[in-house]
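Just so it is clear, the values below take in all heavy atoms, side chains as well, and ignore hydrogens, waters and symmetry mates.
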Amino acid sequence: MEFNEFAINKLMYVTNRPEIVFTEGSGMWMTDHTGKRYLDYLQGWAVNALGHAPKCIEEALVAQSKKLINPSPAFYNAPSIELANLLTENSVFDRVFFANSGAEANEGAIKLARKWGKVNKNSAGEDRFEIITFNHSFHGRTIATMSASGKPGWDTMFAPQVPGFPKAELNDLASVERLISKKTVAVMLEPVQGEGGVIPATREFMQGLRRLTKNANLLLIVDEVQTGVGRTGELFAYQLSGIEPDIMTLGKGIGGGVPLAALLAREEIACFEAGEQGGTYNGNPLMTAVGAAVIKELLKPDFLPTVKATGEYLSAELIKLSDKHGFEGERGEGLLRALKLGKDIGPQIVEAARDLQPLGLLLNSPRPNLLRFMPSLNVTKDEIDQMLTMLEGVLVQLGH
């Protein structure tokens, strides 16, 4: 089919999209309606942890679809129990609630923290509800998670915002301490600010934040929607700092491409009562069977060490590219990395890379002065080299 034969105007407009309809995917590659192939360094914005159409997800979907798809959250189902056990056995958490998206998991974390603040009141006997978040953070697109986010302009987009989310500065412990009041119940952050430009929280900051929150009887919530499930080379990014948070949210990679997310909490924090949290599709066996397949793949002995090694290789090669072209270096953790361009040429590079012939390259520029790389966790060094060669060609083509 030609592009103009697709009835794209039936879709609600939410963003500008190129005139491409993707029809197939395999590993690090996608194919569009014309048959053109693209090396994909977006992977659904860090969603496809194992690349496009991995065998283990196909098998899990087919097998589970023949058994049971959705008995309703009013009943237990075996895949959700299996996945909950896999997550708790490999983390510091005791309880899991499954959701459909990272925003929904973060909404649940906000609700859980506020409920805990009702149970654990301040010294004046008042409920605690404020959650300190961070400038340039991103926690989702519901009204509450947009209010929690520190993305510029979001405070007016659907005003008025949900109150109770004062903003601190990442890696500035004093800025957090200044915001603590009798209303404060928690601090919530991404271990690496993905949409904010791939900005990691330092090990020292994470450790200091854990000490501060414990001393002030506050919860520490880590939003690992983008950093969790192996993305940083550890199963969860909080493990990089050797800390134990109270609540964690997961999304994106946990489903490997299907809509699945999770809210995890330590036993003493999991204080929801009947009717306070739920959802029609939450924890359905079709999605959680996929999640179990993904986690089992990541837990194979050589998987995460390979992610670390590949992340180090990508980092080193990006530094070489940066030095060659006079850019400002790179940053990130594991296989979530950014090339700091030093000038606002990111969108130009993204467009030129996508339009390469005969093969295209899919990149992301969350800020105009950098490129973000989110390959599948099983990307090979050869695929990294191929991407760098293609990117080098684009830079030369554009005169950079």
[X] side, atom [atom1]; [Y] side, atom [atom2] - distance, nearest 0.5 Å:
X	Y	atom1	atom2	result
Asn70	Asn282	CG	CG	9.5 Å
Cys271	Leu112	SG	CG	5.0 Å
Lys343	Asn369	NZ	CG	12.0 Å
Thr213	Ile132	OG1	CD1	10.0 Å
Glu82	Asn77	CD	CG	10.5 Å
Lys320	Leu388	NZ	CG	9.5 Å

Atom [atom1] of [X]: over 12 foreign heavy atoms under 6.0 Å:
X	atom1	answer
Glu2	CD	no
Trp29	CH2	yes
Tyr76	OH	no
Arg95	CZ	no
Phe303	CZ	yes

Would [X] and [Y] count as having a side-chain donor-acceptor pair, cut-off 3.5 Å?
X	Y	value
Gln43	Ser376	no
Glu383	Thr380	yes
Glu204	Asn171	no
Asn106	Thr145	no
Ser315	Glu330	yes

Lys/Arg N to Asp/Glu carboxylate O, [X] vs [Y], below 4.0 Å:
X	Y	answer
Lys111	Glu276	no
Arg354	Asp32	no
Glu392	Lys324	yes
Glu312	Lys381	no
Lys115	Glu273	yes
Glu126	Lys183	no
Lys308	Glu234	yes

Evaluate the side-chain hydrogen bond (donor to acceptor under 3.5 Å, both in side chains) criterion for residues Thr227 and Glu224: first the C-alpha distance (whole Å), next the side-chain angles of each, then the deciding distance (0.1 Å), finally the verdict.
-> CA-CA 5 Å; Thr227 60; Glu224 297 226 22; 3.1 Å; yes
Ring centre gap for Trp116 and Phe272 strictly below 6.0 Å = no
Could you walk me through whether Ser137 and Glu190 pass side-chain hydrogen bond (donor to acceptor under 3.5 Å, both in side chains), step by step?
-> CA-CA 7 Å; Ser137 61; Glu190 304 156 273; 4.7 Å; no
Under the side-chain hydrogen bond (donor to acceptor under 3.5 Å, both in side chains) rule, what do Arg128 and Asn122 come out as? Steps first, then yes or no, please.
-> CA-CA 7 Å; Arg128 296 186 288 157; Asn122 65 23; over 6 Å; no
Identify the heavy atoms of Leu260 and Thr288 that sit nearest to each other, and give their distance.
->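 Here Leu260 and Thr288 meet closest at CD1-CG2, 4.1 Å.
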Hey, what's the ring geometry for Phe236 with Tyr238, parallel, tilted or perpendicular (30° and 60° as the breaks)?
-> parallel
Mutual orientation of the aromatic rings belonging to Phe205 and Phe134 [parallel < 30°, tilted 30-60°, perpendicular > 60°] | perpendicular
Could you walk me through whether Asp246 and Arg210 pass salt bridge (charged side-chain N to carboxylate O under 4.0 Å, His left out), step by step?
-> CA-CA 10 Å; Asp246 300 298; Arg210 178 68 285 194; 3.0 Å; yes
Please examine the side chains of His52 and Glu24, heavy atoms only from C-beta on, and report whether any two atoms are closer than 4.5 Å.
-> no
Any donor and acceptor pair, going by atom type alone, linking the side chain of [X] with main-chain N or O of [Y] inside 3.5 Å?
X	Y	answer
Ser175	Ala168	no
Ser147	Gln161	no
Gln207	Arg211	no

Under a 4.5 Å side-chain heavy-atom rule over Ile, Leu, Val, Met, Phe, Trp and Tyr, are Leu318 and Val307 clustered together?
-> yes
